[in-house]
Amino acid sequence: MKHLLLRFLALLCLATFAGAADLSITTTSFVPGARAKSNIGIAGATITIGQLLYFDSTAGTWKLADADASATASLVQAIAGSAAAAGQPVIYITEDDDLTLGATLSMSTPVYVLSGTAGGIAPSADISVGEYPAVSLIAKSTTKCVFKGAALRGAAAAVAP
């Protein structure tokens with residue numbers, strides 16, 4: 001009975017909040033914290049600052065993470081610290097405990113996940129059927145967050161209750 005109640009509440013939350021837009025990041029306001037862990041790699045796609053990334057080990061490049069593309073593409077490992085065209089160097093951040101994202105964050109629903117839009121960040125209530133849930137960041141304030149690549153991720157795509 002408890003299991004059914006939890007499934008009902010999850011479905012109710014999804015029905016209530018589904019459809020909220022991905023975060024809109026102002027790239028000029030994106031500022032890594034002083035202790036951010038970053039590196040430089042090669043972009044495997046066109047990348048914009050603030051997009052979530054995964055490493056394609058076959059190609060040896062960083063690509064846009066995507067919650068509904070595949071288990072591999074949903075493994076958020078970094079957030080883009082610079083923009084890049086495919087084949088060009090890109091700065092990627094793997095951890096940041098004080099990231100100014102350049103978007104307005106909610107303190108009433110502070111958990112954000114990988115979106116079904118490639119590279120996007122969405123409120124956790126937006127997880128849809130067929131998406132691999134991947135917690136991407138937690139809001140500390142309406143402007144700052146904690147980001148840790150590959151921190152929390154579901155092993156299977158979400159299914160209908």
- Find out if a path of hydrophobic residues (ILVMFWY) with successive side-chain heavy-atom gaps under 4.5 Å connects Leu105 to Ile25. yes
- side-chain contact (heavy atoms from CB on, under 4.5 Å) evaluation trace for Ile47 with Tyr92: CA-CA 10 Å; Ile47 295 172; Tyr92 62 91; over 6 Å; no
- Query: Of the non-hydrogen atoms in Ala21 and Pro123, which two are nearest, and what is the gap between them?
  - Reply: O-CD, 3.8 Å
- Query: What is the distance from atom CG of Asp68 to atom CD1 of Ile127, rounded to the nearest 0.5 Å?
  - Reply: 12.0 Å
- Does the side chain of Lys144 reach to within under 4.5 Å of the side chain of Leu101, using non-hydrogen atoms? no
- Query: What closest approach, in Å, do Gln77 and Trp62 show between heavy atoms, and which atom pair accounts for it?
  - Reply: CB-CZ3, 3.9 Å
- Query: Do Asp96 side-chain atoms and Gly33 backbone N/O form a donor-acceptor pair below 3.5 Å?
  - Reply: yes
- Message: Looking only at the side chains, is there a donor atom on one of Ser115 and Asp22 sitting less than 3.5 Å from an acceptor on the other?
- Response: yes
- Note on the structure: Closest non-hydrogen atoms of Met107 and Pro110, given as atom of the first, atom of the second and distance, are O-CD, 3.7 Å
- Query: How far apart are the closest heavy atoms of Cys145 and Leu137, and which atoms are they?
  - Reply: CB-CD1, 3.9 Å
- Indicate the atoms forming the closest heavy-atom contact of Thr104 with Tyr112, along with that distance. O-OH, 4.5 Å
- Message: Keeping Ser74 on the side-chain end and Ala71 on the backbone end, is there a donor-acceptor pair under 3.5 Å?
- Response: yes
- Task: Please answer whether the main-chain N or O of Val90 pairs with a side-chain N or O of Ser82 as donor and acceptor at a distance below 3.5 Å.
- Result: no
- Query: Picking from Ile121, Ile138, Val76, Thr94, what satisfies side chain to side chain contact (heavy atoms under 4.5 Å, CB included) with Phe147?
  - Reply: Val76
- Message: To the nearest 0.5 Å, what is the distance between OG on Ser70 and OH on Tyr54?
- Response: 6.0 Å
- Query: Short question: side chain of Gln88, backbone of Ala85 - any donor-acceptor pair under 3.5 Å?
  - Reply: no
- Query: How close do Leu64 and Gln51 get, heavy atom to heavy atom, and via which atoms?
  - Reply: CD2-OE1, 3.2 Å
- Item | Heavy-atom donor-acceptor pair, Ser106 side chain to Ser108 backbone, under 3.5 Å | yes
- Charged N to carboxylate O under 4.0 angstrom, Arg35 versus Asp97? yes
- Task: Starting at CG of Asn39, measure out to CD1 of Ile91 and round the result to the nearest 0.5 Å.
- Result: 9.5 Å
- Give a yes or no on whether the backbone of Leu114 and the side-chain of Ser136 come within a donor-acceptor separation of less than 3.5 Å. yes
- Item | Check: Thr100 side chain, Gly102 main-chain N or O, donor-acceptor pair, under 3.5 Å | no
- Answer yes or no: does atom NZ of Lys37 have more than 12 heavy-atom neighbours from other residues, nucleotides or ligands under 6.0 Å? no
- Query: Do Val113 and Tyr132 come within less than 4.5 Å of each other through their side chains, counting heavy atoms only?
  - Reply: no
- Output yes when a side-chain donor or acceptor of Thr117 lies under 3.5 Å from a complementary backbone atom of Gly120, and no otherwise. no
